[in-house]
Amino acid sequence: MENDTIAAVATANGIGSIAIIRLSGAESFSIAKKLSKKENFQNRYATLTNIYNADGELIDESIVIYFKGPHSFTAEDVVEIQCHGGYIVAQSILKAALDAGARLANAGEFSKRAFFNGRIDLSEAEAISQLIEAKSEDAAKILAAQMKGSLKEFIEQVRDEIIHILAYSEVTIDYAEEDLPTDLVAQIRAKLDELYKLLQKTLMASQSRAGLMQGFRVAIIGKPNVGKSSLLNALLNYNRAIVSDIAGTTRDTIEEQVKIGTHLIRIVDTAGIREADDEIERIGIERSLDAIKQSDIVIALFDGSREADDEDSQIVELLHAHAADKEKIIIKNKVDLPQKFLLEGMDFDLELNSKEDVSSLVAKLQAIMDSSNSSDEIMLISERQISAVRETMRNIEEAYEPLESQELEIFSFHLNEAVKAMASITRPFENDEMLDKMFGSFCLGK
Ligand SMILES: Nc1nc2c(c(=O)[nH]1)N(C=O)[C@@H](CNc1ccc(C(=O)N[C@@H](CCC(=O)O)C(=O)O)cc1)CN2
Ligand SMILES: Nc1nc2c(ncn2[C@@H]2O[C@H](COP(=O)(O)OP(=O)(O)OP(=O)(O)O)[C@@H](O)[C@H]2O)c(=O)[nH]1
Ligand SMILES: [K+]
Ligand SMILES: [Mg+2]
């Protein structure tokens, strides 16, 4: 049933001072009264009250807030029970709510109801879901704006523009047998060009900011013993990886999360890359190549205290082959030792002693990550949104030819499809399966 009353714990599971149980649906109010043995709750007031289980035993002293629909998060009757945190209390209250007739909510079901009741559109729902998982302050800012409708406004603007162009041409289909005047065709073409460029710019800005939104991935690569694990430890500020003077110490990739500036990033330390002696090392090296492919930023380390050899040249080749489209930071390490490294045509971005001070690298990483943000642009934040914009662009492309050849019905067909594709970002027509999948990826209680 779609209109039953749903319940979930909305806060993270674990020790914390306060937890919230959320109820939405027609029975919320009566369930709240039953759990508290109270006669009434004033709409949108915080009320301190005891909460009891089905046997009438005290569970907790809580704060209850009743939001009478439609003025609530879901636009239905909503009740929040703010109780003591930890593993037990919130679960006991949830169980009491289920005993009193609520059903356990599915992931994302509160947001889904807010969407179906028209309180938020799909672009706003996606923004809320991603805001919870934001990996940087910049990402959070963009998502907060989108939660308040920035993408919705952009879509309406594009949609209005296409409809305007359609109106231009359709006037002529209706009451003219003759062709569109050539100056009008030129005007429409110019408008299409402008629109197409705007969408392309948005698409490109979104792609270049993927790291910003998903959290940057940084891979540290180099031949054995250049100091990759030492560098990881220095960036993390603790001895996560084993460091030794034995080449081949790191046999598998090691992945850790660390905050640099306002960014939460994943750093991957890899097995040194060289001709492998054994099977395990060979697998480790394959993983290193994968780590490069999956990263946004590649840190390539070279040992300044040793003469350059074929293995160093191989690393350089590998950077060309597999990291051409990535941000790269090329580092000469061990500069505290007498220097012997020389490789023709090799330029270093930084010189380091990875056991001492890595602040210059931290600053460089931060600069790269900050530069991927240009905050005032519109951003597409999901594959769904990106493919809708691609579909819009494809239809605009296909409208050019019929415009030139004066096949105006085909021209309007494509522009109508473009409007539909654009509108699907905020309000898809059908496709329940897609909606189930999307809301199902949200947090429980969201
Ligand atoms: N306790 C609590 N904190 C929360 C939420 C919540 O649901 N409960 N939120 C949940 O994600 C966020 C806030 N978002 C919300 C958005 C709209 C409404 C709401 O009741 N809207 C009504 C009334 C509007 C008004 O009073 O101006 C409406 O739009 O009609 C509630 C929360 C973050 N903090
Ligand atoms: N003097 C000096 N020694 C360093 C520096 N960085 C690392 N080392 C030493 O170099 C050796 C190798 O360091 P690791 O961090 O294990 O090197 P790695 O690149 O992870 O090596 P593999 O995991 O074997 O590929 C260790 O003895 C480190 O103490 C540095 O900047 N200066
Ligand atoms: K080593
Ligand atoms: Mg290592």
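For ligands, and for the atoms within them, numbers begin at 1 and follow the listed sequence. Hydrogens, waters and symmetry mates are skipped; everything else that's a heavy atom, side chains included, is used. Please read these numbers as outputs of a predicted model, since none were measured by experiment.
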Taking C-beta and beyond as the side chain, do K293 and H322 meet within less than 4.5 Å on heavy atoms? yes
Do the non-hydrogen side-chain atoms of D4 and R103 ever get within less than 4.5 Å of each other? yes
So which heavy atom in the protein is nearest [atom], and how far is it from that ligand atom?
{"atom": "atom 16 (C) of ligand 1", "value": "R119 NH2, 3.7 Å"}
{"atom": "atom 21 (N) of ligand 1", "value": "S72 O, 3.6 Å"}
{"atom": "atom 26 (O) of ligand 1", "value": "R44 NH2, 2.5 Å"}
{"atom": "atom 11 (O) of ligand 1", "value": "K446 NZ, 3.0 Å"}

Give a yes or no answer on whether the side chain of S28 reaches the backbone of D77 with a donor-acceptor pair at less than 3.5 Å. yes
If we ignore hydrogens and angles and just use 3.5 Å, is the side chain of D55 paired with the main-chain N or O of E57 as donor and acceptor? no
Criterion salt bridge (Lys or Arg N to Asp or Glu O under 4.0 Å) on K112 and D436, from CA distance to verdict: CA-CA 9 Å; K112 190 176 178 180; D436 284 348; 2.6 Å; yes
Angle at the K ion (ligand 3) between O of S244 and OD1 of N225, to 10°? 80°
Going by the order shown, which atoms of ligand 1 are within less than 4.0 Å of some heavy atom of [X]?
{"X": "R22", "value": "6 (C), 7 (O), 10 (C), 11 (O)"}
{"X": "F73", "value": "10 (C), 11 (O), 15 (C), 16 (C), 18 (C), 19 (C), 20 (O)"}
{"X": "E80", "value": "1 (N), 2 (C), 6 (C), 7 (O), 8 (N)"}
{"X": "P70", "value": "30 (O)"}

Quick check for you: to the nearest 0.5 Å, what is the distance between N43 atom CG and F67 atom CZ? 8.5 Å
Determine whether any protein heavy atom is located less than 4.0 Å from [atom].
{"atom": "atom 24 (C) of ligand 1", "answer": "no"}
{"atom": "atom 30 (O) of ligand 1", "answer": "yes"}
{"atom": "atom 6 (C) of ligand 1", "answer": "yes"}
{"atom": "atom 19 (C) of ligand 1", "answer": "yes"}
{"atom": "atom 34 (N) of ligand 1", "answer": "no"}

Decide yes or no on salt bridge (Lys or Arg N to Asp or Glu O under 4.0 Å) for R217 and E255, but give the supporting numbers first. CA-CA 10 Å; R217 293 181 64 93; E255 191 171 322; 3.4 Å; yes
Listing by chain and number, what protein N/O/S atoms are under 2.8 Å from the Mg ion (ligand 4)? S229 OG, T250 OG1
Which label fits Y66 and F29: parallel for a plane angle under 30°, tilted from 30 to 60°, or perpendicular past 60°? parallel
Do Q385 and E126 have side-chain atoms, one donor and one acceptor, less than 3.5 Å apart? yes
Between R287 and D252, is the salt bridge (Lys or Arg N to Asp or Glu O under 4.0 Å) condition met? List the steps. CA-CA 7 Å; R287 298 229 170 118; D252 199 352; 2.9 Å; yes
Using the rule given for ring pair (Phe, Tyr, Trp, His ring centres under 6.0 Å), can you reason through F116 versus F439, listing the C-alpha separation, both sets of side-chain angles and the distance that settles it, and then say yes or no? CA-CA 12 Å; F116 277 112; F439 285 108; 7.1 Å; no
I246 backbone or side-chain N/O/S under 3.4 Å from the K ion (ligand 3): yes
Take K334 and D303, measure what salt bridge (Lys or Arg N to Asp or Glu O under 4.0 Å) needs, and give me the verdict at the end. CA-CA 6 Å; K334 307 197 190 181; D303 183 344; 3.2 Å; yes
